[in-house]
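Counting begins at 1 with the first residue of the sequence. These values consider heavy atoms only, across backbone and side chains, with no hydrogens, waters or symmetry-generated copies.
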Amino acid sequence: MKENMKRTLIYLLSGIALASVTSCSDYLDTTPLDSLAPSLTWHTEDDADRFLTGCYDGWADTDEVINLDCASDYGYNPFFWGGWTFMGNGLMTASNSTYSGSLYNFTMIRRCNTFLANIDQVEFNDQAKKNDMIGQVKTIRAYEYFDKNWWFGGVPLIDIYETAEDAQVPRKTEEEVKQFVYDEIDEAIDLLYDQPKARGYIAKGTALAVKMRSALYYGDYDRVIDAAKAIMNLGIYQLEPDYSNLYLISGQDSKEIIIAMQFIENLYTFDCGQMYNNGDGGWSALVPTQNLIDSYEMADGQTIDESADYDPEHPFYNRDPRMDMTVIYPGKFWNGAVYNTLDKMIKDEPNANYPTVADNASKTTLTWAKYLGTGPGYYSDMWKSNVCPIVFRYAEVLLSYAEAENELNGPSATVYNLINQVRERVGMPDVDQIKYGTQATLRELIRRERGVEFAGEGLRRADIIRWKDENGNMLATTLMNGPLTRVTGTVDYEETEDGLRAKITGRETIESRTFNAYHRYFPIPQNAIDKNPNLKQNPGY
C-alpha cells in the first residue's frame with residue numbers, strides 16, 4: 001500500500017509541476033498563471049490526467065483544515081505572523097490577516113477553469129473516464145467557491161482572462177455564488193464514479209459531502225438529508241471502531257474517511273512539528289483551549305454543570321473518552337512520561353513545557369493529540385511527516401443528517417439513532433430521550449456532540465457563526481468575547497490515574513478576545529483590492 005501510494009503521489013507531483021508552469025503574469029489574483037499554452041498539451045488522455053492531478057495540489061487547504069479552529073473558542077495560535085491569532089482575537093484587518101489572504105486565493109479555481117476549457121480537445125476511449133475527470137475538477141471548483149463564499153460573503157466568479165483589465169471583475173453576491181456551488185456540485189455528482197481510483201482522489205462520496213456541508217452551513221436542510229442519505233446508500237463508508245486510530249498512520253485507509261489530504265514522508269510532506277510542544281522540539285503553533293475541555297461531558301453523559309461527579313480541581317477526570325483521544329492534558333501519561341505543563345520547575349530543572357518558559361511552549365497548557373501518534377518519535381521526521389489531515393469523514397454525515405432532521409422534524413427516533421451511533425463508538429451512553437425530549441434541548445446536544453467529535457478538524461468557527469442563540473445572535477458573539485484563559489496548578493507524580501494527577505488551583509488570562517457582528521466575514525485582503533478596484537471591502541474593515 002505504501003509503495004502504491006508513493007507511485008500515486010509521484011504522479012500527482014508531476015501533474016502539479018505541469019499545472020504550475022507559468023505563461024501569464026500574476027495580475028489581480030484571477031489570471032491563469034498556472035496554465036500551459038493549449039498547443040503544448042491537451043493531446044492525449046495522459047496530458048489530461050496530469051493536469052487533473054495538478055488540480056489537486058492544495059484543493060482543500062491543509063493549513064485551513066488544521067489551523068482554522070484557532071479562529072474559534074476551541075483553539076489558539078500565538079504566532080501573529082500567520083494571521084490565525086488575529087482571526088481568533090478579533091483584531092484582523094485587511095492588511096494583517098495573513099491567512100485570510102491565502103484563503104482568498106484563486107489558483108485552484110484557475111487550474112480548474114483551464115482544465116474544463118481544454119478537456120474537450122482530448123479524445124477518450126471511455127466517455128465515463130472523461131466524465132469522472134470532469135466531475136473531479138467540478139468538485140474541486142465547487143468546494144473552492146463554497147469555502148471562499150462562506151468566509152468572505154460573495155466573491156468573483158472568474159473566467160480565463162487575457163489582460164489585467166479583463167480580470168478586474170466585481171464580486172458576485174453570496175447568494176449568487178451559493179447557487180453556482182449548488183449547480184456545480186450537482187453536475188459533478190452525476191459524473192463521478194462511486195469509488196475513487198486511489199486514496200486521496202475524489203469520487204461520488206466526496207462530491208456528496210461537499211453538497212452536504214455547503215447545504216448545512218446555509219440551512220438548506222432537505223438538501224443536507226438528500227446528500228447524507230446518498231452517501232449512506234453508497235455502502236462504502238462506516239464509522240471506524242477506534243476513534244483515535246483515525247489520526248494515526250494505521251488509520252489512513254479507514255472506511256470512515258471519505259477524503260483526506262495526502263502526504264508521504266520524504267516526498268510530499270506535512271509539517272507535524274508545528275503541533276508538538278516545546279519539550280518535544282515542536283512549536284505549539286496550534287493548541288486546544290480549556291473551553292474545549294469544558295465542553296466534554298462526563299463519562300455518564302452529564303455536562304460538567306450538571307454532574308455531581310465533576311471536580312474543578314480535577315477537570316480532566318472521568319470525562320467523555322474523546323477528550324483523552326483528542327487532547328494531551330496536564331497529568332496525562334504520554335510519550336513515555338507524565339505530561340506536565342503546570343509546574344515551572346520539575347526536579348529542580350526548568351520545565352520546557354511551562355507556558356511562559358519559551359515562545360514555543362503551549363500557552364494553553366494543552367496540546368492536540370490528533371495526528372501526533374505516541375510522540376515525536378512516531379514519525380521518522382516530524383517536520384516531514386506523512387500525516388494525512390481529514391477533510392470529510394462519515395461521522396460528519398451522521399451528525400449533519402441528525403442536525404438537519406432535528407431542525408425539520410425533531411425530536412425523532414431518526415435523530416436519536418444517528419447521534420447514538422457516534423456516541424456508542426467511543427463508549428458514551430445513548431441520548432437520554434427524556435432529558436433531550438424537545439427540539440431545543442436536542443439541538444443543544446447536537447451542537448455539543450458536533451463540537452467535541454470534530455475538535456481540531458477545522459469546523460468549529462463555521463459552526464459557532466452559523467448557530468444562533470435564542471435571540472438570533474451568532475453563538476460566536478458569546479463564545480468569542482472576553483478573556484481566553486488557561487488553568488494553573490501542579491502535577492502530582494505519585495498519583496497513578498491520568499485524570500487525577502493535575503490539581504487545578506486557578507486560571508490566568510492568555511489574551512482578550514473580541515467578536516463583533518462584522519466578524520462573520522473575513523476581510524478581503526488589501527492587496528487584492530489594490531489589484532482590482534472593483535472589489536468592495538466587507539463592512540467593518
Checklist entry - Does one side chain, of Y329 or D324, offer a donor that lies under 3.5 Å from an acceptor on the other? => result yes
Next on the checklist: Quick check: do P523 and N538 have side-chain heavy atoms less than 4.5 Å from each other?
Outcome noted: no
Checklist entry - Would you say R466 and W150 make side-chain contact, with heavy atoms under 4.5 Å? => result yes
Checklist entry - side-chain contact (heavy atoms from CB on, under 4.5 Å) with S512: which residues, sequence neighbours excluded? => result none
Checklist entry - When rounded to the nearest 0.5 angstrom, what distance separates OG1 in T85 from CG in L91? => result 9.5 Å
Checklist entry - Can the positive tip of R223 be found less than 6.0 Å from the middle of the six-membered ring of Y182, inside 45° of the ring normal? => result yes
Item to check | From CA spacing to verdict: side chain to side chain donor-acceptor pair (under 3.5 Å), N335, D280 | outcome: CA-CA 9 Å; N335 191 28; D280 293 318; 3.2 Å; yes
Checklist entry - Are any non-hydrogen side-chain atoms of F454 and L399 less than 4.5 angstrom apart? => result yes
Checklist entry - So N277 and S362, side chain to side chain donor-acceptor pair (under 3.5 Å) or not? Walk me through it. => result CA-CA 6 Å; N277 207 340; S362 171; 4.9 Å; no
Checklist entry - Taking atom types as modelled, is there a side-chain donor on E511 or N89 under 3.5 Å from an acceptor on the other? => result yes
Checklist entry - For the residue pair F522 and Y104, is the inter-centroid distance of their aromatic rings smaller than 6.0 Å? => result no
Next on the checklist: I want to check a possible cation-pi pair here: K178 against Y217, using under 6.0 Å from ring centre and within 45° of the ring axis as the test.
Outcome noted: no
Next on the checklist: Can you give me the closest heavy-atom contact between A209 and I231, atom names plus distance?
Outcome noted: N-CD1, 3.7 Å
Item to check | D73/R460 salt bridge by N-O under 4.0 Å criterion | outcome: yes
Next on the checklist: Under the criterion side chain to side chain contact (heavy atoms under 4.5 Å, CB included), I'd like the reasoning laid out for Y378 against L372: C-alpha separation, chi angles, the key distance, then a yes or no.
Outcome noted: CA-CA 8 Å; Y378 184 70; L372 296 197; over 6 Å; no
Item to check | Pairing of E184 and R141 as salt bridge, 4.0 angstrom limit | outcome: yes
Next on the checklist: Can you confirm if the aromatic rings of Y521 and Y541 lie within a centre distance of less than 6.0 Å?
Outcome noted: no
Checklist entry - Tell me, do K138 and I185 make a side-chain contact under 4.5 Å, heavy atoms counted? => result no
Checklist outcome for this item: Distance col, row Y201:OH vs Q262:CD, nearest 0.5 angstrom, shows 10.0 Å
Checklist entry - Is D61 close to L103 at the side-chain level, that is, under 4.5 Å between some pair of heavy atoms? => result no
Checklist entry - In terms of side-chain heavy atoms, does T107 have a donor or acceptor partner in R110 at a distance below 3.5 Å? => result yes
Checklist entry - Between N149 and V177, which heavy-atom pair has the shortest distance, and what is it? => result OD1-CB, 3.3 Å
Checklist entry - Hey, are E457 and K370 close enough for a salt bridge, meaning a charged N less than 4.0 Å from a carboxylate O? => result yes
Checklist entry - Using a distance-only test with no angle check, is there a side-chain donor-acceptor pair under 3.5 angstrom linking D159 and N113? => result no
Next on the checklist: Applying side-chain hydrogen bond (donor to acceptor under 3.5 Å, both in side chains) as the test, list every pair that has at least one member in residues 467-479; sequence neighbours left out.
Outcome noted: E403-W467
Checklist entry - Is it true that E256 and R393 have a side-chain N and a carboxylate O under 4.0 angstrom from each other? => result yes
Item to check | Pairwise distance CD1(I225) to OH(Y221) - rounded to 0.5 angstrom | outcome: 10.5 Å
